[in-house]
Amino acid sequence: MPDKISLRTLQRMKDDGQKIVGVVAWDYQIARIVDRAGVDIVSVGDTVGMNLWGQPNPFEVTMEQMLVVTQAVRRGVKRALVSADFPFGPLQEGTDSAVLAAVRFVKEAGVDMVKLDGASDFLDAVTAVTRAGIPVFAQFGITPQTALRYGVEYNAIPSASDQVPVEMKKALVEEARQLEAAGAALLNFTNSGPVVGAAVAEAVSIPVVGGFGGGPWLDGRMRMAHAAIGYSATAIDNPPDTYANVAQITLDAITAYASDVRAARQVPGGIPVPPPVG
């Protein structure tokens, strides 16, 4: 197995112009698969509530739920860096609450770093968590917890076409610099777009990655593993532009399984059916 990824590895990758590969995962099996694929970061996103549990928004996920999900992912990852999102609450409740939450993620779930959404509004917390010895993955731009600031309604994940306004380039470059100065080890610039994203990546020395709205102008990409493989049920009727359509494969497989059971046939993997007597 290749050497374990560290923050120094990511920094060298930025310095050498190598792109960083990050995925969002929420379960043990997907974590094992993406780690075997050789990704550099596995991020446990607080959007698990919307994408796996059917919750209407990203604010319902609790700290206890995030710990359970992160523990499962941590068990499946051996090489990549594991990051966990703060759910809505600990960061907003104050610096002491943020440090306590970060410590819990390290002690109870074994993370390598924590991701703070809307981190530029909580620079003191970024510094405090870093001083506690826990690396911070700072998220800014159009995020689940800051979308309204940019006039984006975040009832669902924004589309790839949503970008922070180009006229905000100067302000967002300054935000990125402030986050670096506060101690952030890595930035997640969501919906950056090619103009502002490139400016931010050039303005700071730490790596800058992004999901929706990201691209080659950043130091790397983040993508939900479930999105990359077409896992969502909506992929059945509206095939997405992804690397696979696991939803359709799953539908076909379960339909075939149901057909075998209803026809009194043994299912693949079952014990052999004894031959008729006589």
Hydrophobic clusters here meaning ILVMFWY residues chained together by side-chain heavy-atom distances under 4.5 Å, can you tell me if Val73 and Val68 are in one? no
Trp26 side-chain N/O to Gly45 backbone N/O, donor-acceptor pair under 3.5 Å: yes
So, Thr70 side chain and Ala84 main chain: donor-acceptor pair closer than 3.5 Å or not? no
Does Asp260, at its CG atom, have more than 12 non-hydrogen atoms belonging to other residues, nucleotides or ligands within less than 6.0 Å? yes
Only one of Thr242, Thr250, Val246, Asn245 passes side-chain contact (heavy atoms from CB on, under 4.5 Å) with Tyr231, and that residue is Val246
Is it possible for you to say whether Val99 and Phe122 belong to one hydrophobic cluster, with membership spreading through side-chain heavy-atom contacts below 4.5 Å? yes
Check Glu108 with Arg74, please: is the shortest side-chain N to carboxylate O separation under 4.0 Å? no
Cluster question for you: counting only ILVMFWY and a side-chain heavy-atom cut-off of under 4.5 Å, with indirect links fine, are Leu100 and Val106 together? no
Roughly how far, to the nearest 0.5 Å, is OG of Ser97 from CE of Met63? 8.5 Å
Do Leu67 and Phe105 make a side-chain contact, defined as non-hydrogen atoms from C-beta onward lying under 4.5 Å apart? yes
For the atom pair CG (Leu116) and CG (Leu179), what is the distance rounded to the nearest 0.5 Å? 9.0 Å
Would you say that Val24 contacts Arg223 through its side chain, given a criterion of any heavy-atom pair below 4.5 Å between the two side chains? no
Just wondering, do Thr190 and Gln139 contact through their side chains at under 4.5 Å, heavy atoms? yes
Note, Leu91 side chain near Asp117 side chain (heavy atom, < 4.5 Å): no
Under 4.5 Å between side-chain heavy atoms, counting indirect links through other Ile/Leu/Val/Met/Phe/Trp/Tyr residues: same cluster for Val209 and Val195 or not? no
State, with a plain yes or no, whether a side-chain heavy atom of Asp85 is found less than 4.5 Å away from one of Ser43. yes
Mind checking the CG-CD spacing from Asp121 to Gln92? Nearest 0.5 Å is all I need. 9.0 Å
In terms of side-chain geometry, is the basic nitrogen of Asp35 or Lys78 positioned less than 4.0 Å from the acidic oxygen of its partner? no
Quick one: closest heavy-atom pair of Ile206 and Glu180, and the distance? N-OE2, 3.5 Å
Work out which heavy atom in Gly38 is nearest to a heavy atom in Arg79; give both atom names and the distance. O-NH1, 3.2 Å
Find the distance between CG (Leu172) and CZ (Arg177) and round it off to the nearest 0.5 Å. 12.0 Å
Identify the heavy atoms of Ser83 and Phe137 that sit nearest to each other, and give their distance. OG-CD2, 3.5 Å
Check: Trp217 side chain, Gly193 main-chain N or O, donor-acceptor pair, under 3.5 Å: yes
If you group Ile, Leu, Val, Met, Phe, Trp and Tyr by side-chain heavy-atom gaps below 4.5 Å, do Tyr28 and Val44 land in one group? no
Interatomic distance, Met222 atom CE to Lys115 atom NZ [nearest 0.5 angstrom]: 6.5 Å
Which heavy atom of Ala235 sits nearest to which heavy atom of Gly230, and what is that distance? CB-O, 3.8 Å
Test side-chain contact (heavy atoms from CB on, under 4.5 Å) applied to Pro207 and Leu218, Asn188, Ile41, Leu186, the passing residue: Leu186
Does a donor on one side chain and an acceptor on the other come within less than 3.5 Å for Thr130 and Thr127? no
Before you tell me yes or no, could you show the steps for His226 and Ser232 under side chain to side chain contact (heavy atoms under 4.5 Å, CB included), namely the whole-Å CA-CA distance, both residues' side-chain angles and the distance that decides it to 0.1 Å? CA-CA 7 Å; His226 287 67; Ser232 171; over 6 Å; no
Electrostatic pair Arg32:Asp27 at N-O distance under 4.0 angstrom: no
Nearest 0.5 angstrom please: Leu251 CG to Ile236 CD1, how far? 4.5 Å
Take Leu7 and Met113 through the side chain to side chain contact (heavy atoms under 4.5 Å, CB included) test and state the conclusion after the steps. CA-CA 9 Å; Leu7 287 170; Met113 56 186 172; 4.1 Å; yes
Among Asp112, Val82, Val39, find the one that has a side-chain contact (heavy atoms from CB on, under 4.5 Å) with Val77. Val82
Surrounding CZ of Arg36 (heavy atoms of other residues, nucleotides or ligands, distance under 6.0 Å), is the total greater than 12? no
Is a side-chain donor-acceptor pair under 3.5 Å present for Gln178 with Ser120? no
Is there side-chain contact between Val48 and Met66, with heavy atoms separated by less than 4.5 Å? yes
Would you say CD of Gln266 has more than 12 non-hydrogen atoms from neighbouring residues, nucleotides or ligands within 6.0 angstrom? yes
Heavy atoms only: give me the nearest Val129-Ala102 pair and the separation to one decimal. CG1-CB, 3.8 Å
Basic-acidic side-chain contact under 4.0 Å: Asp219, Lys14: yes
Is a side-chain N or O of Ser6 found less than 3.5 angstrom from the main chain of Thr9, in a donor-acceptor match? yes
Going by heavy atoms in the side chains, are Asp15 and Gln11 under 4.5 Å from each other? yes
Sidechain-backbone polar pair: Arg221 side chain, Gly211 backbone, donor-acceptor under 3.5 Å: yes
Is there a side-chain contact between Met13 and Leu10 in this structure, where contact means two heavy atoms from C-beta onward sitting under 4.5 Å apart? yes
Looking at Phe86 and Ala101, what are the two nearest heavy atoms and their distance? CZ-CB, 3.8 Å
